[in-house]
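All values below were derived from every heavy atom in this structure, side-chain atoms included, with hydrogens, water molecules and symmetry-related copies excluded.
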Amino acid sequence: MSYDKPNRQKYSFGNFDFGAGTDESFSVRGPEGKAGRVWDYGVEGVIEVMNGGSTTPKIAVGTTSDPDAYGDEIDLNAVADNEYKSVRQSYDEPEAGFAALMLVREIPKDTEVYLTCTGAAGSPTGQGVPFCVIDWQD
């Protein structure tokens, strides 16, 4: 099995209110028996500027026991209305910022993957659609 011709899947989770001050996790499971690789993650369809004082809005990719096992928290603070932010939009793959966020991109086969959204606190605002893109082995 390889990633020569991956089965690239984008998972979107509907509008999430990062300004509500609550965290939420969304889960996906890839095709049975296939390992995966995180390709990108972030937020799109922003309809309210992302803002937080004491805690800023963030998204991470991981497991229930390690929310950022595959992708570290990307800070979404100050993403404007009608904008988006993702790892690949922010960094090119060879850059240090890309490597710092994409911790361990390899997802073992038959693993449930969680996209964890951290709500903002301290004058919080922010609504958008969290997403994750995963390449599944061919």
Side-chain angles (χ1 to χ4, degrees):
M1 305 241 177
S2 72
Y3 293 101
D4 292 339
K5 297 178 185 173
N7 176 9
R8 182 166 290 161
Q9 297 291 316
K10 180 177 182 179
Y11 303 94
S12 303
F13 300 97
N15 190 62
F16 179 72
D17 187 354
F18 288 88
T22 58
D23 302 344
E24 188 161 344
S25 293
F26 304 95
S27 69
V28 298
R29 186 178 294 268
E32 188 173 331
K34 304 285 185 174
R37 179 182 291 157
V38 177
W39 193 80
D40 198 12
Y41 60 99
V43 66
E44 60 190 3
V46 174
I47 60 171
E48 182 180 71
V49 66
M50 299 288 181
N51 183 45
S54 55
T55 303
T56 59
K58 297 176 181 67
I59 294 179
V61 182
T63 64
T64 55
S65 60
D66 188 357
D68 62 359
Y70 308 120
D72 205 1
E73 291 90 358
I74 185 170
D75 194 322
L76 305 174
N77 210 33
V79 178
D81 288 351
N82 301 311
E83 294 294 326
Y84 73 99
K85 184 173 184 177
S86 76
V87 175
R88 288 189 179 270
Q89 176 257 343
S90 301
Y91 303 101
D92 290 327
E93 195 160 335
E95 290 183 284
F98 184 90
L101 288 170
M102 296 288 206
L103 299 173
V104 178
R105 296 171 57 195
E106 306 300 322
I107 301 167
K109 65 181 179 179
D110 301 323
T111 299
E112 193 162 12
V113 178
Y114 287 83
L115 187 71
T116 300
C117 300
T118 303
S123 302
T125 62
Q127 292 185 43
V129 178
F131 73 91
C132 181
V133 180
I134 300 175
D135 285 347
W136 300 105
Q137 288 180 333
D138 57 359

Taking the side chain as every heavy atom from C-beta outward, state whether Thr111 and Tyr70 have any atom pair closer than 4.5 Å.
yes

How many angstroms lie between CG in Leu115 and OH in Tyr41, if you round to the nearest 0.5 Å?
9.0 Å

Is it true that Leu76 and Phe98 fall in one hydrophobic cluster, defined by side-chain heavy atoms closer than 4.5 Å?
yes

Separation between CD (Glu73) and CG (Leu103), nearest 0.5 Å, reads 8.5 Å

Roughly how far, to the nearest 0.5 Å, is the CD1 atom of Ile59 from the NZ atom of Lys85?
10.5 Å

I'd like to check Glu106 versus Arg37 (side-chain heavy atoms, cut-off strictly below 4.5 Å). Are they in contact?
yes

Just by modelled atom types, is the Ser123 backbone N or O under 3.5 Å from a matching donor or acceptor in the Asn51 side chain?
yes

Starting from Tyr114, can I reach Ile74 by hopping between I/L/V/M/F/W/Y residues whose side chains sit under 4.5 Å apart?
no

Please report the interatomic distance NZ(Lys109) to CD(Gln137), rounded to the nearest 0.5 Å.
9.0 Å

Whether the side chain of Arg88 engages the backbone of Trp39 through a donor-acceptor N/O pair (distance < 3.5 Å, no angle test) should be reported.
yes

Let me confirm one number: the CG-CG distance from Asp72 to Leu101, rounded to the nearest 0.5 Å.
6.0 Å

Could you go through Asp110 and Glu32, starting from their C-alpha distance and side-chain angles, then the distance that decides it, and tell me whether this counts as side chain to side chain contact (heavy atoms under 4.5 Å, CB included)?
CA-CA 6 Å; Asp110 301 323; Glu32 188 173 331; 3.9 Å; yes

Quick check: closest heavy atoms across Pro124 and Gly19, and the distance to 0.1 Å?
CG-O, 3.3 Å

How long is the straight-line distance from OG1 of Thr116 back to CG of Asp68, given to the nearest 0.5 Å?
8.5 Å

The test is side chain to side chain contact (heavy atoms under 4.5 Å, CB included); show your working for Glu44 and Lys10 and say whether it passes.
CA-CA 12 Å; Glu44 60 190 3; Lys10 180 177 182 179; 2.8 Å; yes

Between Gly122 and Ser54 the two heavy atoms that sit nearest each other are N-OG, 3.8 Å

Does some side-chain heavy atom of Gln9 sit less than 4.5 Å from a side-chain heavy atom of Ile134?
no

Non-hydrogen atoms of Cys117 and Phe18 that approach each other most closely:
CB-CE2, 3.7 Å

Any residue meeting side-chain contact (heavy atoms from CB on, under 4.5 Å) with Val49, in chain and number order, not counting sequence neighbours:
Asp81, Thr125

Which atom pair, heavy atoms only, marks the closest approach of Thr56 to Gly52?
CG2-O, 3.7 Å

Classify the ring geometry of Phe13 against Phe26: parallel below 30°, tilted from 30° to 60°, perpendicular beyond 60°.
parallel

Counting only N and O atoms by type, is there a donor-acceptor contact under 3.5 Å from the side chain of Asp92 to the main-chain atoms of Pro94?
no

Can a donor-acceptor pair be found, under 3.5 Å and without considering hydrogens, that links the side chain of Arg8 to the backbone of Asp135?
no

Return the minimal non-hydrogen interatomic distance between Met50 and Gly126, and the atom names on each side.
SD-CA, 3.6 Å

Quick one: does Asn15's side chain have a donor or acceptor within less than 3.5 Å of a partner on Val129's backbone?
no

Same apolar cluster: Val61 and Phe131, side chain cutoff 4.5 Å
no

Sidechain-backbone polar pair: Asp40 side chain, Val87 backbone, donor-acceptor under 3.5 Å:
yes

Is any side-chain heavy atom of Asn7 closer than 4.5 Å to a side-chain heavy atom of Pro31?
yes

So do the side chains of Asn77 and Pro57 get within less than 4.5 Å of each other, counting heavy atoms only?
yes

Is the shortest side-chain heavy-atom distance between Phe16 and Val43 below 4.5 Å?
no

Asp4: which residues meet the side-chain contact (heavy atoms from CB on, under 4.5 Å) condition with it, sequence neighbours left out?
Ser2, Asp138

Checking side chain to side chain contact (heavy atoms under 4.5 Å, CB included) for the pair Tyr11/Val113: CA distance, chi angles, key distance, verdict?
CA-CA 11 Å; Tyr11 303 94; Val113 178; over 6 Å; no

